[in-house]
Undergrad: 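Next up is a structure, given as structure tokens.
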Amino acid sequence: MTVLRFETIIDRICVNSYVVPVGDDLVMKSTLNELKNRVQVALAAAFGDEYGSIDPLLVGTNNPKFGDYQANVAMSLAKPLKSNPRAIATQIAEQLNVNDICETPSIAGPGFINFKLKTKYLEAQLKAMHGSDRLGIAKAQPPQKIIVDYPSPNIAKEMHVGHLRPAVIGECFARVLEFLGHDVLKISHVGDWGTPFGMLIAYLQETYPDPQAAAEASNSGDLATFYRQAKQRFDEDETFKENARQAVVRLQAGDSAVLEAWERVCQLSKRSYRKIYDLLNISEDIIDRGESFYNPYLPAVITDLKESGLLVEDNGAQCVFLEGFTNKDGDPLPMIVQKSNGGYNYSTTDLAAIRYRVTQDKVDRIVYTTDAGQANHFTQIFQVARRAGWVPDSVELSYAPFGLVQGEDGKRLKSRSGEAVPLKELLDEAIARTRSDIEKRLKEEERTESEAFIQNAAEKVGIGAIKYADLSQNRVSNYTFSYDRMLDLKGNTAPYMMYAYVRVQGISRKGGVDLSTLDADMKLTEESELTLAKHLLQMDLVLDEVKTDLLPNRLCQYLFELSQKFNQFYDRCSVLQAEEPTRTSRLVLCDLTARSLKLGLSLLGIEVLERM
RNA sequence: GGAUCCUUAGCUCAGUUGGAUAGAGCAACCGCCUUCUAAGCGGUCGGUCACAGGUUCGAAUCCUGUAGGAUCCGCCA
């Protein structure tokens, strides 16, 4: 897969984590891993100890008629063992001891070993899952300290649609890693030190020379309006433009009056960002550590690089020459860390950030999420940080680039032209469309609901749909901006899953059943029950994948399939009217589905509704 | 000129260390509400996995080349 190539470039080091029981919470063994171990034992028994450590190539089957899992290892051993794969598979199968988990394994095709789980085993697993607060998902042991580098817009500007992806994706990573028990530090590397700030500071000082008035204006003002007015002044007046430039210089020199104005602009900006983040259900405990934060640490980056011998002066600029990046003549390309005028640039800041995070925060892993256009930049930064000796091998630098948000023309959605849709506008549109959809349904079904119910449902469904539309696509591929697609409420969308959840709550209400206090004695008979059960037991694997590969669409896919399987079960099996013990067993399936959906959606940053 | 990413059904996309007959959603068409919310379920239609070679028991997946698209490339972030 393409993402892996990135990871090899940046020298990815994995830190092992082990699964152990935590506290009183019952932790189930992953079926896949358990079967893997069993096959390895069988391999050792059949062919000698040295075969006990090879990968059994165990995967889920793609067709139920082959069972639930298949081991593909026999084919890969044909050459080294100089034997035919079917014979090898038979030898492995003879040594297999999996009686407690599945039916007798069968050999099929060129040498697949197929496993079909026993119903009894599934029932026991479900019971354990039902008794667990965490749905049987283990916490990482030991936990890692992980920084999730939140998307970092320039806070001098209004948020636009291009900020949606990084916000939503970064939030998902943080939530998944946190749920898996890691110590997550959410850090926003906001642009709070650059040229656009000079413009706003100059405008604030010009319009509100009196500090008291400036304070009031920034407390009650609106960033978008403020920015628009400042931009207009900037574009039409040369003197103002010069004032803005001077403001940046004085800001970086530490001028106290300018610093004060800068603080005000930052506050104004953070307030307006928070409003949107709240609407988007983005964590409140994000730490703002903008470019300004690293200002004091920039000189040390240069001296450190000099000491390690990496720093080279070129045309008056301080550079590090990169390995593997060459210009058209084949000469190494430099990365400038200090401009010829003595100023620093974003490379310096990013290097200072890595250095600080490893030495001061003592992290085990840093997860970066930016648009793919910055892939080269981060590959270079990581290289220099490693070569400078700031990042030991034990620290993992994960880069998760995402595709560009494109316009209908297939080109990058521009932010400066002013054509980019403000994020607020997109979110409001989503809510409005959802609202009218809900009202239409209520009318058709002759239902009446309170205004509060309608508004809340419109917000949760509308925002959920937008976030899901984004997360359910492969992170790497480009994203064509389309209202219609983002706001679609049918098919593989957030409302589909929210609706499955609502169905369970409906059963609980109708039957007057408290799902949390059920005694989970399972009795699975119908095919749709077994299919749902098997899927329910795979959530831990999926979350582990998301942790490693940083692909939220894997979780979306899982939740969509879970909802599909639940809907099929719901369609074919009546719950409340069933005889005991089937009735209770089915109620437990409902409960586990609802809790899995709620958890999974919450990890995507999407909230569920009890009714809709 | 160099680098990175992408190309799978009419549209939007999945496809997990290479595995059995390439899967969803949307759109189109046909069925299913006196039964736990039909934002649902079932079915039909739809593919030269951009193209050409190679690697092997096996390739949408790995390698090489070609075509097309996007993005980046020493003093912006």
Side-chain angles (χ1 to χ4, degrees), chain A residues 1-2 4-6 9 55 57 59-63 65-66 70 72 75-76 78-79 84-85 108-112 152 154 191 194-196 291 314-319 324-330 333-341 343 345-347 349-350 371-377 379 401 403-404 406 410-412 437-438 441 445 447 461 469 472-474 476-478 480 482 485 488-493 495-496 498-500 502-511 541-542 545 549 551 553-554 556-557 560-561 563-564 567-568 570-572 574-577 590 611-612:
Chain A
M1 185 159 126
T2 49
L4 291 179
R5 202 171 303 162
F6 264 108
I9 290 170
D55 188 344
L57 300 176
V59 294
T61 59
N62 57 3
N63 188 329
K65 80 176 185 195
F66 300 127
Q70 62 186 61
N72 299 334
M75 279 86 78
S76 72
K79 197 164 278 180
N84 87 67
F112 300 107
S152 307
N154 189 309
T195 320
E291 290 161 357
D314 192 64
N315 284 325
Q318 302 299 323
C319 313
F325 292 86
T326 53
N327 65 12
K328 58 185 165 215
D329 301 322
L333 223 51
M335 175 163 94
I336 291 180
V337 291
Q338 188 171 23
K339 299 186 276 189
S340 53
N341 67 5
N345 60 14
Y346 70 124
S347 292
T349 311
D350 281 330
D371 70 276
Q374 297 187 57
N376 276 339
H377 169 66
T379 309
L404 302 155
Q406 299 177 317
K411 297 245 168 96
R412 182 187 193 144
D437 184 77
I438 290 171
R441 285 171 201 279
E445 296 165 25
R447 280 168 62 190
V461 173
S472 60
Q473 261 188 76
N474 187 309
V476 181
S477 48
N478 286 345
T480 303
S482 151
R485 187 145 39 87
D488 198 354
L489 305 178
K490 294 186 300 253
N492 185 1
T493 63
Y496 180 80
M498 297 167 89
Y499 185 66
V502 161
R503 282 183 142 177
V504 173
Q505 303 315 312
I507 291 174
S508 164
R509 272 195 306 275
K510 185 101 175 190
L541 280 181
V542 172
E545 260 180 42
D549 299 339
L551 293 171
N553 63 306
R554 293 274 164 75
C556 294
Q557 186 68 27
F560 177 60
E561 285 171 9
S563 305
Q564 274 186 321
N567 278 330
Q568 286 156 4
Y570 182 95
D571 212 52
R572 296 162 170 66
S574 64
V575 177
L576 293 172
Q577 271 115 39
C590 288
R611 292 195 302 127
M612 61 192 273

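Computed from a predicted structure; not experimentally measured. Letters A, B, ... mirror the listed sequences (proteins, then strands); counts begin at 1.
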Undergrad: Regarding A/Met498, tell me which of base, sugar-phosphate or nothing describes its non-hydrogen contacts under 4.0 Å with the strands shown.
TA: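 No contact.
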
Undergrad: Please determine, for the side chain of A/Asn478, which listed nucleotide (B/rG40, B/rA70, B/rA39) has the closest atom?
TA: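 Comparing B/rG40, B/rA70, B/rA39 against the side chain of A/Asn478, the answer is B/rA70.
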
Undergrad: Any side-chain N or O of A/Ser477 under 4.0 Å from OP1/OP2 of B/rA14?
TA: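 Yes, A/Ser477 has a side-chain N/O under 4.0 Å of OP1/OP2 on B/rA14.
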
Undergrad: Would you classify A/Tyr496 as touching base, sugar-phosphate or nothing, given that sugar-phosphate means primed atoms plus P, OP1 and OP2, and contacts are heavy atoms under 4.0 Å?
TA: sugar-phosphate

Undergrad: Looking across every strand, which nucleic acid part, if any, lies under 4.0 Å from A/Val59 by heavy atom: base, sugar-phosphate, or nothing?
TA: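 If one applies the 4.0 Å heavy-atom cut-off, A/Val59 turns out to touch a base.
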
Undergrad: Expressed in angstrom and rounded to an integer, what is the separation of A/Tyr570 atom OH from B/rC36 atom C1'?
TA: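 That distance rounds to 5 Å.
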
Undergrad: Under 4.0 Å between any heavy atoms, over every strand shown, what does A/Arg441 touch: base, sugar-phosphate, or nothing? Just pick one.
TA: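 It contacts base atoms.
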
Undergrad: Just compare B/rC36, B/rU4, B/rA39 and give me whichever is closest to any side-chain atom of A/Leu576.
TA: B/rC36

Undergrad: If we count only N and O atoms by modelled type, under 3.5 Å, do the side chains of A/Glu561 and A/Gln557 hold a donor and an acceptor together?
TA: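 Yes, because at least one side-chain N or O of A/Glu561 sits under 3.5 Å from a partner of the opposite role on A/Gln557.
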
Undergrad: Rounded to whole angstroms, how far apart are CG on A/Leu57 and P on B/rU56?
TA: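 Atom CG in A/Leu57 sits about 19 Å away from atom P in B/rU56.
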
Undergrad: So, A/Asn72 and A/Gln70: side-chain donor and acceptor under 3.5 Å apart, yes or no?
TA: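 Short answer, yes.
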
Undergrad: With a non-hydrogen cut-off below 4.0 angstrom, is A/Asn341 in contact with a base, only sugar-phosphate, or nothing?
TA: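 Touches nothing.
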
Undergrad: Return the value, rounded to whole Å, for the distance between atom CG of A/Asn474 and atom C1' of B/rA60.
TA: 14 Å

Undergrad: Provide, to the nearest angstrom, the distance between the NZ atom belonging to A/Lys490 and the P atom belonging to B/rU12.
TA: 17 Å

Undergrad: Quick one: label A/Ala500 by what it contacts on the DNA or RNA (base, sugar-phosphate, nothing), any heavy atom closer than 4.0 Å.
TA: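 Answer is nothing: A/Ala500 stays at 4.0 Å or more from every strand.
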
Undergrad: Determine the contact category for A/Gly191: base if any of its heavy atoms lies under 4.0 Å from a base atom, sugar-phosphate if only primed atoms, P, OP1 or OP2 are that close, otherwise nothing.
TA: nothing

Undergrad: Once you apply a heavy-atom cut-off of 4.0 Å, does A/Leu333 come out as touching a base, just sugar-phosphate, or nothing?
TA: sugar-phosphate

Undergrad: May I ask you to say what A/Asn72 touches in the nucleic acid, namely base, sugar-phosphate or nothing, with a heavy-atom cut-off under 4.0 Å?
TA: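 A/Asn72: base contact, heavy atoms under 4.0 Å.
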
Undergrad: Without decimals, in angstroms, what is the distance between A/His377 NE2 and B/rC75 C1'?
TA: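 Taking NE2 of A/His377 and C1' of B/rC75, I get 14 Å after rounding.
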
Undergrad: Please work out if A/Asn315 contacts a base, only the sugar-phosphate, or nothing of the nucleic acid, heavy-atom cut-off 4.0 Å.
TA: base

Undergrad: Checking base pairs now: Watson-Crick or wobble, both atom distances under 3.5 Å. What partners B/rU44?
TA: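 With both distances under 3.5 Å, B/rU44 matches B/rA28.
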
Undergrad: Look at all strands and tell whether A/Gln568 reaches a base, only sugar-phosphate, or nothing, counting heavy atoms closer than 4.0 Å.
TA: sugar-phosphate

Undergrad: Can you tell me the distance, in whole Å, between the CG atom of A/Asp488 and the P atom of B/rA24?
TA: 18 Å

Undergrad: OP1, OP2 of B/rU35 versus side-chain N and O of A/Lys510: anything below 4.0 Å?
TA: no

Undergrad: CG of A/Asn84 versus P of B/rC57: gap in Å, rounded?
TA: 13 Å

Undergrad: Kindly label the base of B/rC33 as syn or anti, based on whether its glycosidic torsion lies within 90° of 0.
TA: syn

Undergrad: What do you reckon, are the aromatic ring centroids of A/Tyr496 and A/Phe560 less than 6.0 Å apart?
TA: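 Centroid distance A/Tyr496-A/Phe560: below 6.0 Å, so yes.
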
Undergrad: Tell me whether the side-chain N/O atoms of A/Asn62 come closer than 4.0 Å to OP1 or OP2 in B/rA20.
TA: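 So the side-chain polar atoms of A/Asn62 do come within 4.0 Å of the phosphate oxygens OP1 or OP2 of B/rA20, strictly under.
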
Undergrad: Please classify the nucleic acid contact of A/Gln564 as base, sugar-phosphate, or nothing, using heavy-atom distances under 4.0 Å.
TA: sugar-phosphate

Undergrad: Has the side chain of A/Gln70 got a donor or acceptor atom sitting under 3.5 Å from an opposite partner on the base of B/rA20?
TA: yes

Undergrad: Strictly below 4.0 Å: does A/Asn567 bring a side-chain N or O up to OP1 or OP2 of B/rG40?
TA: no

Undergrad: A/Asn492 has an atom CG; how far is it from atom P of B/rA24, in whole Å?
TA: 12 Å

Undergrad: Hey, which sits more toward the 5' end of RNA chain B by its nearest nucleotide, A/Asp314 or A/Asp55?
TA: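 The answer here is A/Asp55.
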
Undergrad: Quick check on B/rG25: is either OP1 or OP2 less than 4.0 Å from any side-chain nitrogen or oxygen of A/Arg485?
TA: no

Undergrad: Checking all strands, does A/Ser574 fall into the base, sugar-phosphate, or nothing category for heavy-atom contacts under 4.0 angstrom?
TA: base

Undergrad: NA contact type, A/Ala78, heavy-atom cut-off 4.0 Å: base, sugar-phosphate, or nothing?
TA: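 Counting heavy atoms under 4.0 Å across all strands, no contact is made by A/Ala78.
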
